[in-house]
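One structure below.
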Amino acid sequence: DETSSNEEQNILAKSSKMFKKVGSKIWKYSKEAISFKYFLEPKFLFCTIAAAFSELSLVCSMTYFASYAILLGQSENTAFILLTIINALGILGRYLSGVLADKYGVYNVMIVMIFGVFLSNIVIWLGVCSTMKSAGGLYAYAVIFGFFSSAVLSLTPACCGAISPTKDFGKRFATMYFFGGFNFIGGITLGGVILGKETLKTYNNFIIYCGVFCLLYTSDAADDMQCV
């Protein structure tokens, strides 16, 4: 018994040392990868908040759109096709947004694109789809949302790069998404709470919830442009 007890203590001691070693490496890497001092810069702070809210809106919409289509009576196959269309249109959205950003400015194009996401959510998803409850409305939303949402996702790094020295871009971008990750945890959870039993009424509330984040982005991005 004494021998087995000593072996257990040795195992626990080795495990403790290993976890401390791993923990110290993670802490060292984290300090090198992110820096909260960047939030003292108004332009970076507003850019981070805007990116966090806009991507939360996109992730929430994509997470529950297929379930919404099924709620309206569409089959699972149709729901998956709608998601495929969203991703397929993303190819065009990413390409054209990059071309336009080079010509008109990344923040100008980004505000237009996120406002397009807002309109697709409020006008088509909330207005047309919830009223007509037809497959046509769902397909129209998938096409328009797919184009604008992919543009937002692809332009976010460019927005960060526009206000960052080249040598600090990696660290600033990591800091931005460190904040955004925690925002996802709370935001997606709150979205699930709003949906509740997943009725048409709760989905309408959820769509408004996603739309509000788009408006928050345009507000923060406009403030960011004034700081640049």
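Counting begins at 1 with the first residue of the sequence.
- When all heavy atoms of Ser150 and Gly93 are compared, the closest pair comes out as OG-CA, 3.5 Å.
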Table please: side-chain donor-acceptor pairs of residues 63-72 below 3.5 Å, with sequence neighbours left out.
residue : atom : partner : partner atom : Å
Thr63   : OG1  : Val59   : O            : 2.6
Tyr68   : OH   : Ser130  : N            : 3.3
Tyr68   : OH   : Ser130  : OG           : 2.9

Identify all side-chain donor-acceptor contacts of residues 76-87 below 3.5 Å with residues at least two apart in sequence or on another chain.
residue : atom : partner : partner atom : Å
Thr78   : OG1  : Ser75   : OG           : 3.0
Thr84   : OG1  : Phe80   : O            : 2.9
Asn87   : ND2  : Leu83   : O            : 2.8

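- With hydrogens and angles ignored, the 3.5 Å screen pairs a side-chain donor or acceptor of Asn108 with a backbone N or O of Tyr104.
- Considering only heavy atoms from C-beta on, Lys103 stays 4.5 Å or farther from Val109 through its side chain.
- Here the closest non-hydrogen pair linking Ile163 and Lys43 is CD1-O, 3.5 Å.
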Apply the test side-chain contact (heavy atoms from CB on, under 4.5 Å) to residues Phe44 and Thr175: give CA-CA distance (whole Å), side-chain angles for both, the deciding distance (0.1 Å), then the verdict. CA-CA 10 Å; Phe44 181 79; Thr175 302; 4.2 Å; yes
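- Evaluation of the side-chain contact (heavy atoms from CB on, under 4.5 Å) rule for Asp102 yields no partner, not counting sequence neighbours.
- Using a 4.5 Å cut-off on side-chain heavy atoms (C-beta onward), Phe147 and Leu96 make contact.
- Looking at residues two or more places apart in sequence or on another chain, you find no side-chain contact (heavy atoms from CB on, under 4.5 Å) involving Ile91.
- Cys47 SG to Met110 CE: the interatomic distance, rounded to the nearest 0.5 Å, is 7.5 Å.
- With sequence neighbours left out, Phe182 forms a ring-ring contact (aromatic ring centres under 6.0 Å, His included) with Phe178.
- A parallel orientation is assigned to the rings of Phe169 and Phe173, their planes being inclined by less than 30° (bins at 30° and 60°).
- Note on Ile49 and Leu40: separate hydrophobic clusters, where clusters join Ile, Leu, Val, Met, Phe, Trp and Tyr whose side-chain heavy atoms are under 4.5 Å apart, directly or indirectly.
- Applying the side-chain hydrogen bond (donor to acceptor under 3.5 Å, both in side chains) test to pairs two or more places apart or on separate chains, those with a residue in residues 181-200 are Glu198-Tyr203, Thr199-Thr202.
- Residues Leu89 and Val99 share a hydrophobic cluster, clusters being chains of Ile/Leu/Val/Met/Phe/Trp/Tyr side chains in contact below 4.5 Å.
- Both Leu45 and Phe179 are part of a single hydrophobic cluster, where members link through side-chain heavy atoms under 4.5 Å apart.
- With rounding to the nearest 0.5 Å, the separation of CZ in Phe39 from CZ in Phe46 is 13.0 Å.
- Here CZ of Phe148 is found 12.5 Å from CG of Leu58. Values are rounded to the nearest 0.5 Å.
- The ring-ring contact (aromatic ring centres under 6.0 Å, His included) search around Tyr139 returns none, not counting sequence neighbours.
- The minimum heavy-atom distance linking Gly187 with Tyr209 is given by the pair O-OH, 2.7 Å.
- To the nearest 0.5 Å, atoms OH (Tyr95) and CG (Leu100) are separated by 10.0 Å.
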Test side-chain contact (heavy atoms from CB on, under 4.5 Å) on Asn204 and Phe206 and set out the steps. CA-CA 5 Å; Asn204 289 342; Phe206 174 76; over 6 Å; no
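- Side-chain contact check for Lys171 versus Ile34: every heavy-atom pair is 4.5 Å or farther apart.
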Pairs of donor and acceptor atoms involving the side chains of residues 113-128, under 3.5 Å and at least two apart or interchain, shall be tabulated with distances.
residue : atom : partner : partner atom : Å
Ser120  : OG   : Gly116  : O            : 3.3
Ser120  : OG   : Val117  : O            : 2.7
Asn121  : OD1  : Tyr141  : OH           : 2.6

side-chain contact (heavy atoms from CB on, under 4.5 Å) evaluation trace for Ser54 with Cys214: CA-CA 5 Å; Ser54 65; Cys214 295; over 6 Å; no
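- Partners of Glu41 according to the salt bridge (Lys or Arg N to Asp or Glu O under 4.0 Å) rule, which considers only residues two or more places apart in sequence or in another chain, are Arg172.
- Looking at every heavy atom in both residues, Ser154 comes nearest to Pro157 through O-CD, 3.4 Å.
- Partners of Glu55 according to the side chain to side chain donor-acceptor pair (under 3.5 Å) rule, which considers only residues two or more places apart in sequence or in another chain, are Thr156, Tyr177.
- To the nearest 0.5 angstrom, Ile185 atom CD1 is 11.5 Å from Leu56 atom CG.
- Contacts of Tyr38 classified as side chain to side chain donor-acceptor pair (under 3.5 Å), with partners at least two apart in sequence or in another chain: none.
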List the steps, then state whether side-chain contact (heavy atoms from CB on, under 4.5 Å) holds for Val212 with Phe53. CA-CA 9 Å; Val212 167; Phe53 282 133; over 6 Å; no
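- Partners of Ser134 by side chain to side chain donor-acceptor pair (under 3.5 Å), not counting sequence neighbours: none found.
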